[in-house]
S.K.: 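First the structure, then my questions, so here it is.
In this text, all values refer to a predicted model and were calculated from it rather than measured experimentally. For the single chain, residues carry numbers from 1 onward in sequence order.
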Amino acid sequence: MNGRNLETNGNEGSDMLRTENNNYRRAFWIVLTASVVLAIVVSVLWWRLNHTGTASQPVVTSATQSMKAMAQTSPGNASDSERGAAGDPEAGNMPETPLAPIQLTPQRMQSIGVVLGKVESKPVNTELRFYGNVQVDESRQAYVQTRFAGWIRKVYADATGNFIGKGQPLFTIYSPELVSTEHEYLLAKKNSESLQQSKVTGVASGASSLFSAAKERLLQWEVSPAEIEKLDQGGKAITDLTISSPVSGYITQKNALPNMYVQPETMLYTVADLSDVWVLAQVFQSDAGKIKPGDPAEVTVDAYPGRVFNGRVDYILPQLDVNTRTLPVRLVFSNPGLKLRPGMYVNVRAKLPMGRQFVIPASAAFHSGTKNLVFVYSGEGNIEPREVELGPQVGDELVVKKGIKAQEQIVTSANFLIDSEAQLQAAAGAFIPPPPGAGQAALMNAPAEQQANVELTTDPDPPHKGSNIVRVKLTSQDGNPIAGANVTVTFFMAAMPAMGMAAMKTVINASDKGSGMYAGGGDLGSGGTWQVTIRAQQNGQTIANKQLTLNATGGM
């Protein structure tokens, strides 16, 4: 038994040893294969770096110099840029690709449907639209009460909603207290008349004072002058006093009934004058700051198609409705023909004067990410994307608060295509002039149409970053010098987003030095490749328009 156990244990040990050897052998081959693959990848990368290192090195150096220059100008911005370049995950999103000015030929502008317009400066009125309900003008409501207790005898105005004119009778009332006062009045009147000729000092004046006091008491009880006159003519107390309407209007509330006993605090009638009405409207919280008392407004009602009622904003109530997040606004409207009836649902349009503003067609604005752009046309196919601050839209126009000037020409259509072209040129990092033979600018460079020959030299040659002098020689086709021309030399370098550089432009006006030679000075903001446009005009016409490329020395 012991021998068999030893043999079994020996076999198991041999199997375990063979398994471990196999595992080690498999791990060795895996490591060897991974090492070979890694060596191949490193060799390929080394080869590519050796062949591209020469071209890549200046870009890295320029980018570093650019970020250092930006750090000197704006330390906060430079720090953010360096963090983003280093791969900081908290550096934020990459900025939007800046837009470069572009130049299009007339044929290209026509093919993509470019339409031009102008920036206008004019008085602008915007408007708000909301809903409301017609209500009685509370300042035109009259409440009928008596200033004495009594019993109503007869009711003339016996139905709510009836129209009643000012001075028309409402009801009659009997009041013992009033009848007693009438007797006092008649007695005081009789005594005043009989004692008018008395020789005793103070008797006539005293009787007259008592009569005036009795009449004043009747007036304080709002007994009408017509009823007092009837009392004077009849010479006896009036038991059934007639109470008349103080205003013209519609009876909106009636509590008077025959034989009803009333007290001075009893509200008997409410009469509303509907020649003017209120409209209580609801304005959204976001529009509450745009509207103010006195702004003109219009009301339309479905019951009267095409009919417009004119009014104004009267008052803005202070309490916001927390359920609808709207602010109540009270408007006043005249009501000819009593067409606007209390309770009607109406549509309100408030006109809000904004004063004189710069406006452009709504189609001229282009929304690019977080920016609002307008493409400004400066002539001869030159289009500049410009960021603007927009205001509200008024009809088919947009108010522009900042970024443009009056009478500037702008593109009002094909903005998407122009934006794409500008982004492509900015991403490419170079200005692309119109191809030869396509458009007016190219035709002017053609020998058959060229009116002047142009030669450009610089001092120093080649130009460098900083101050430079340019000289332009203009000669006619037969070699004679051209004098009296206006010559401009424009240096342009498109934006380079990868290096954090904005577009640069330098315009040099060359003055006439005689013998067809023109010279002027200007500063170049960077070394590198510049696109140069030489334009000469004489008597309002372009006689030369030449484009070329110059490499300037110096860092960026």
Side-chain angles (χ1 to χ4, degrees), residues 100-119 375-386 404-414 418 421 425 431-458 463 468-493 505-522 530-550:
I102 62 174
Q103 187 177 34
L104 301 177
T105 65
Q107 290 84 351
R108 178 61 175 161
M109 292 176 63
Q110 183 177 4
S111 66
I112 65 176
V114 173
V115 178
L116 300 179
K118 283 189 177 182
V119 180
F375 296 95
V376 180
Y377 182 76
S378 57
E380 299 189 4
N382 295 304
I383 299 175
E384 173 195 355
R386 189 179 301 175
I404 57 175
K405 300 177 182 179
Q407 300 303 312
E408 281 190 308
Q409 280 193 309
I410 55 176
V411 177
T412 61
S413 69
I418 294 176
E421 181 74 15
Q425 292 194 17
F431 176 73
I432 304 176
Q440 176 113 19
L443 289 175
M444 293 180 65
N445 291 329
E449 299 292 336
Q450 187 77 13
Q451 300 182 31
N453 298 318
V454 178
E455 295 181 11
L456 175 68
T457 58
T458 64
N468 294 270
I469 296 176
V470 296
R471 296 183 177 88
V472 178
K473 185 175 181 180
L474 288 181
T475 57
S476 62
Q477 295 294 334
D478 53 7
N480 295 323
I482 298 177
N486 295 322
V487 179
T488 60
V489 181
T490 302
F491 288 78
F492 177 80
M493 182 180 291
K505 183 178 181 180
T506 299
V507 179
I508 300 176
N509 294 315
S511 58
D512 191 352
K513 301 300 183 181
S515 300
M517 185 65 68
Y518 298 80
W530 290 83
Q531 301 296 328
V532 183
T533 301
I534 308 166
R535 181 173 287 113
Q537 292 182 325
Q538 189 176 49
N539 299 325
Q541 294 184 350
T542 301
I543 60 174
N545 190 359
K546 184 176 182 179
Q547 294 175 335
L548 51 91
T549 300
L550 287 180

S.K.: List the steps and the verdict of side-chain contact (heavy atoms from CB on, under 4.5 Å) for Thr542 and Glu380.
M.R.: CA-CA 11 Å; Thr542 301; Glu380 299 189 4; 3.6 Å; yes
S.K.: With heavy-atom distances below 4.5 Å as the criterion, would you say the side chains of Ile410 and Tyr377 are in contact?
M.R.: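 No. Closest side-chain heavy atoms not under 4.5 Å.
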S.K.: So, does Ser413 use its side chain to make a donor-acceptor pair with the main chain of Gly113 at under 3.5 Å?
M.R.: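 Indeed, once roles are kept as given, a pair shorter than 3.5 Å links the two residues.
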S.K.: Can you tell me if Thr412 uses its side chain to pair, donor with acceptor, with the backbone of Val115 under 3.5 Å?
M.R.: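 Looks like yes, one N/O pair under 3.5 Å.
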S.K.: Give the intermediate values and the outcome of side-chain contact (heavy atoms from CB on, under 4.5 Å) for residues Val489 and Val472.
M.R.: CA-CA 9 Å; Val489 181; Val472 178; 3.7 Å; yes
S.K.: Determine which pairs satisfy side-chain hydrogen bond (donor to acceptor under 3.5 Å, both in side chains) with at least one residue from residues 510-522, sequence neighbours left out, and list them in order.
M.R.: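 Pairs touching residues 510-522 that pass the test: Ser511-Lys513.
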S.K.: Salt bridge (charged side-chain N to carboxylate O under 4.0 Å, His left out): which pairs involve residues 472-488, sequence neighbours left out?
M.R.: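 Every pair satisfying salt bridge (charged side-chain N to carboxylate O under 4.0 Å, His left out) with a residue in residues 472-488: there are none.
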S.K.: Please name all residues satisfying salt bridge (Lys or Arg N to Asp or Glu O under 4.0 Å) with Arg386, sequence neighbours left out, ordered by chain then number.
M.R.: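 If we apply the salt bridge (Lys or Arg N to Asp or Glu O under 4.0 Å) test to Arg386, skipping adjacent residues, the hits are Glu384, Glu408.
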S.K.: Are any of the side-chain heavy atoms of Val411 and Ile383 separated by less than 4.5 Å?
M.R.: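 They are in side-chain contact.
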S.K.: Would you say the side chain of Val470 lies within less than 4.5 Å of the side chain of Thr457, judging by non-hydrogen atoms?
M.R.: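 Answer no - side chains too far apart.
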S.K.: Give, for atom CD of Gln538 and atom CG of Leu474, the distance between the pair rounded to the nearest 0.5 Å.
M.R.: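 One finds 8.5 Å between CD of Gln538 and CG of Leu474.
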S.K.: Measuring from atom CD1 of Ile482 to atom CD1 of Ile543, what distance do you get when rounded to the nearest 0.5 angstrom?
M.R.: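 Nearest 0.5 Å value for the CD1-CD1 distance: 4.5 Å.
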S.K.: Kindly indicate, with the supporting measurements, whether the criterion side-chain contact (heavy atoms from CB on, under 4.5 Å) is fulfilled by Thr549 and Gln531.
M.R.: CA-CA 5 Å; Thr549 300; Gln531 301 296 328; 3.2 Å; yes
S.K.: Under a 4.5 Å cut-off applied to non-hydrogen side-chain atoms, are Thr458 and Leu550 in contact?
M.R.: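 The answer is yes; the side chains approach within 4.5 Å.
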S.K.: From Lys505 NZ over to Phe492 CZ, what is the distance, rounded to the nearest 0.5 angstrom?
M.R.: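 If we round to the nearest 0.5 Å, Lys505:NZ and Phe492:CZ are 7.5 Å apart.
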S.K.: Going by heavy atoms in the side chains, are Val532 and Thr490 under 4.5 Å from each other?
M.R.: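 A side-chain contact under 4.5 Å is absent here.
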S.K.: Which pair of non-hydrogen atoms, one from Ala519 and one from Arg471, has the smallest distance, and what is that distance?
M.R.: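 So the minimum-distance heavy-atom pair works out to CB-CG, 4.0 Å.
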S.K.: Write down the atom of Gly520, the atom of Ile508, and the distance for their closest heavy-atom approach.
M.R.: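 Nearest heavy atoms, Gly520 then Ile508: C-CG2, 3.6 Å.
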S.K.: Sequence neighbours excluded, which residues qualify as side chain to side chain contact (heavy atoms under 4.5 Å, CB included) partners of Ser111?
M.R.: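 Ser111: side chain to side chain contact (heavy atoms under 4.5 Å, CB included) contacts with Arg108.
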S.K.: Once you round to the nearest 0.5 Å, how far does CE of Met109 lie from CG of Leu116?
M.R.: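 Between atom CE of Met109 and atom CG of Leu116 there are 5.0 Å.
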S.K.: About how many Å separate CG of Asn486 and CD of Gln537, when rounded to the nearest 0.5 Å?
M.R.: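 That separation rounds to 6.5 Å.
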S.K.: Taking side chain to side chain contact (heavy atoms under 4.5 Å, CB included) as the definition, give me every residue that meets it alongside Thr488, ordered by chain and number, with sequence neighbours left out.
M.R.: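 Scan of Thr488 (side chain to side chain contact (heavy atoms under 4.5 Å, CB included), adjacent residues dropped) gives Asn509, Arg535.
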S.K.: So, using side chain to side chain contact (heavy atoms under 4.5 Å, CB included) as the criterion, who are the partners of Asn468 when residues are at least two apart?
M.R.: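 Scan of Asn468 (side chain to side chain contact (heavy atoms under 4.5 Å, CB included), adjacent residues dropped) gives Pro460, Pro463, His464, Leu524.
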